[in-house]
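Order of the sequence lines sets the chain letters (A, B, ...), proteins ahead of strands, with each chain counted from 1. Worth knowing before you read on, the calculation uses all heavy atoms, side chains too, and leaves out hydrogens, waters and symmetry mates.
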There are 2 protein chains.
Amino acid sequence: MDSKIGAEERIMQAAIAVFCLRGYDGARMQEIADSADISKASLHYYFRSKENLFRKTVRELFSSIIRNIRSRISEDDSIEEVIGKLVNGYVDMFTAHRRQAFYFLTELMKHEEVLSEIMAGLDTSAFTGGILERFRKEREAGTIIDIEPVDLLINIIGMSVFPIMAEPMLKRALNLSEAEFSNLLAKRKPIVINFVLAAVLRDKP
Amino acid sequence: MDSKIGAEERIMQAAIAVFCLRGYDGARMQEIADSADISKASLHYYFRSKENLFRKTVRELFSSIIRNIRSRISEDDSIEEVIGKLVNGYVDMFTAHRRQAFYFLTELMKHEEVLSEIMAGLDTSAFTGGILERFRKEREAGTIIDIEPVDLLINIIGMSVFPIMAEPMLKRALNLSEAEFSNLLAKRKPIVINFVLAAVLRDKP
DNA sequence: ACATGGTTTGACCAGATGGTATAACATGTT
DNA sequence: AACATGTTATACCATCTGGTCAAACCATGT
């Protein structure tokens, strides 16, 4: 651990790593302390309890992911570009933060109150609202098929994210080696984009 | 717990429930014992250790899910029917076994050796092989677009399964109530089917 | 009645774990 | 120097938890 940065931040980084790796129950305060090059007592000095540290950790992780997802989609983009950027954004983000994202879906299912608490303090519409609105307009204009915006968004995210999250299962179910599977993932972006476009566009080339 | 059935089976049911609810580390042998109306000592009498019980549990759960997924798709079905049955099958299965399926994706990520061990003793091709082969044929025949069978399968599963698994996150991100969200899920089957058909079919009506 | 073998359990243990008390250490202020 | 304040670490504690043990229980056969 980089001892130049402050202890508090070092602990946060260590805690995120350990929580993501072991889960809440599996995480040991001692391991977090060691990993932050600090004594367990100091750990409790900064963050009173494990639960408190957990909440702070989750909040930090979440907002960093949200910051990341806030897509660079502009009003001027064509619908093809919008869909392309969405797929690229979700795939990149979930690839980069795989363990952390996974951690969310799992640990926060057990501690739903924590999730609620955090989501409550966030402007959720900021990161879906714009896109849903755009889909609604395209649908009204007739450039895309008659599909509920929410369903379209879920389809896109599902196809983008699912294989990344389900990797350990899929790899074995499909009998693919590590290399074969990452090759498969690497090739998927354009495939998903074309799949979506083929499904939703009214006027095909 | 039903005390008519044998202790061993009662324990298995209790263990599955508790493991799914709390995760491996969060699960307490005492809770499993209580939930099976048996003493903790008896629990250890039947299953020597927590780890052993965990492995047996996972194996049982897995094979039951596999049994469920082994689809009723026949050679005679049209490609439309095949896709329809796939979506229906996956959605139904993951809806019914939501917690358990979730448990897999999470807990088995931490204990990959257990997953490997189990998958090794299973004929995985049985539940994907037939479908992949079918997709390959349709692709060659030109009835569907030029897409890798594996990618098509992943797309279908992703769209079907993702919203069910990501419910706690999605519900809040989209600002939907419990009722609104289950309504959304209930309506998705035909939407996904039509989406896939629109994307893959060469000759559209 | 007795023996036998599987089953069940209360009591217990060793180790781990979250958390704390206490004192030492550092740094700056008066 | 003396004091105040913030930080760090050693030693410790109460509790929990997986696991064990010896004794009791129960069914069946002889």
Participant: For A/Lys189 and A/Asp92, indicate whether the former's side chain and the latter's backbone hold a donor-acceptor pair under 3.5 Å.
Facilitator: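 Checking the backbone N and O of A/Asp92 against the side chain of A/Lys189, no donor-acceptor pair under 3.5 Å is found.
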Participant: What integer distance in Å separates A/Leu53:CG from C/dT17:P?
Facilitator: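 A/Leu53 atom CG is separated from C/dT17 atom P by 16 Å.
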Participant: Would you mind writing out the side-chain donor-acceptor pairs for residues 94-104 of chain A within the sub-3.5 Å range, not counting sequence neighbours?
Facilitator:
unit_1: A/Thr95; atom_1: OG1; unit_2: A/Val91; atom_2: O; d: 2.5
unit_1: A/His97; atom_1: NE2; unit_2: A/Asn68; atom_2: ND2; d: 3.4
unit_1: A/Arg98; atom_1: NH1; unit_2: A/Glu167; atom_2: OE1; d: 3.3

Participant: Take atom CG of A/Asp34 and atom P of C/dA16, then tell me their distance rounded to the nearest Å.
Facilitator: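 Computing the A/Asp34:CG to C/dA16:P distance gives 14 Å.
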Participant: Under the 3.5 angstrom rule, does the side chain of B/Lys56 hit a backbone N or O of B/Met12 as a donor-acceptor pair?
Facilitator: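 No; zero donor-acceptor contacts below 3.5 Å.
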Participant: Begin with the C-alpha distance, continue with both residues' side-chain angles, and end with the deciding distance and a verdict on salt bridge (charged side-chain N to carboxylate O under 4.0 Å, His left out) for A/Glu148 and B/Arg188.
Facilitator: CA-CA 10 Å; A/Glu148 209 64 49; B/Arg188 269 187 64 82; over 6 Å; no
Participant: Output a table of nitrogen or oxygen pairs between the protein and nucleotides 23-26 of chain D separated by less than 3.5 Å.
Facilitator:
none

Participant: Please report the distance, rounded to the nearest Å, between NE2 in A/His44 and P in C/dT22.
Facilitator: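 So the NE2-P distance, A/His44 to C/dT22, works out to 17 Å.
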Participant: Nearest whole angstrom, please: distance from the C1' of C/dT7 to the CG of B/Leu43.
Facilitator: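 One finds 14 Å between C1' of C/dT7 and CG of B/Leu43, rounded.
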Participant: Taking everything shown except A/Arg48 itself, do over 12 heavy atoms lie less than 6.0 Å from its CZ?
Facilitator: no
Participant: State, yes or no, whether a side-chain contact exists between B/Asp146 and B/Arg139 at a heavy-atom distance under 4.5 Å.
Facilitator: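 The answer is yes, as the side chains (C-beta and beyond) meet within the 4.5 Å cut-off.
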Participant: Whole Å only: how far is the NZ atom of A/Lys50 from the P atom of C/dA16?
Facilitator: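 Answer to the nearest Å: 16 Å.
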Participant: Does the B/Glu81 side chain pair with the main chain of B/Ser78, one donor and one acceptor, at a distance under 3.5 Å?
Facilitator: yes
Participant: Indicate for each nucleotide in nucleotides 5-12 of chain D, in 5' to 3' sequence, whether protein heavy atoms under 4.0 Å reach the base (B), only the sugar-phosphate (S), or nothing (-).
Facilitator: -SBBBB--
Participant: Salt bridge (charged side-chain N to carboxylate O under 4.0 Å, His left out): which pairs involve residues 18-28 of chain B, sequence neighbours left out?
Facilitator: B/Arg22-B/Glu31
Participant: For DNA chain C, find the residues of residues 20-31 of chain A with a heavy-atom distance under 4.0 Å and give them by number; none if there aren't any.
Facilitator: A/Ala27, A/Arg28, A/Met29
Participant: Whole angstroms only, please: what is the CD-P distance between B/Glu8 and C/dG6?
Facilitator: 14 Å
Participant: Taking ring pair (Phe, Tyr, Trp, His ring centres under 6.0 Å) as the definition, give me every residue that meets it alongside A/Tyr46, ordered by chain and number, with sequence neighbours left out.
Facilitator: none
Participant: Can you label the angle between the B/Phe19 ring and the B/Tyr24 ring as parallel, tilted or perpendicular, going by 30° and 60°?
Facilitator: parallel
Participant: Could you tell me if the side chain of A/Lys187 sits less than 4.5 Å from the side chain of B/Asp151, heavy atoms only?
Facilitator: no
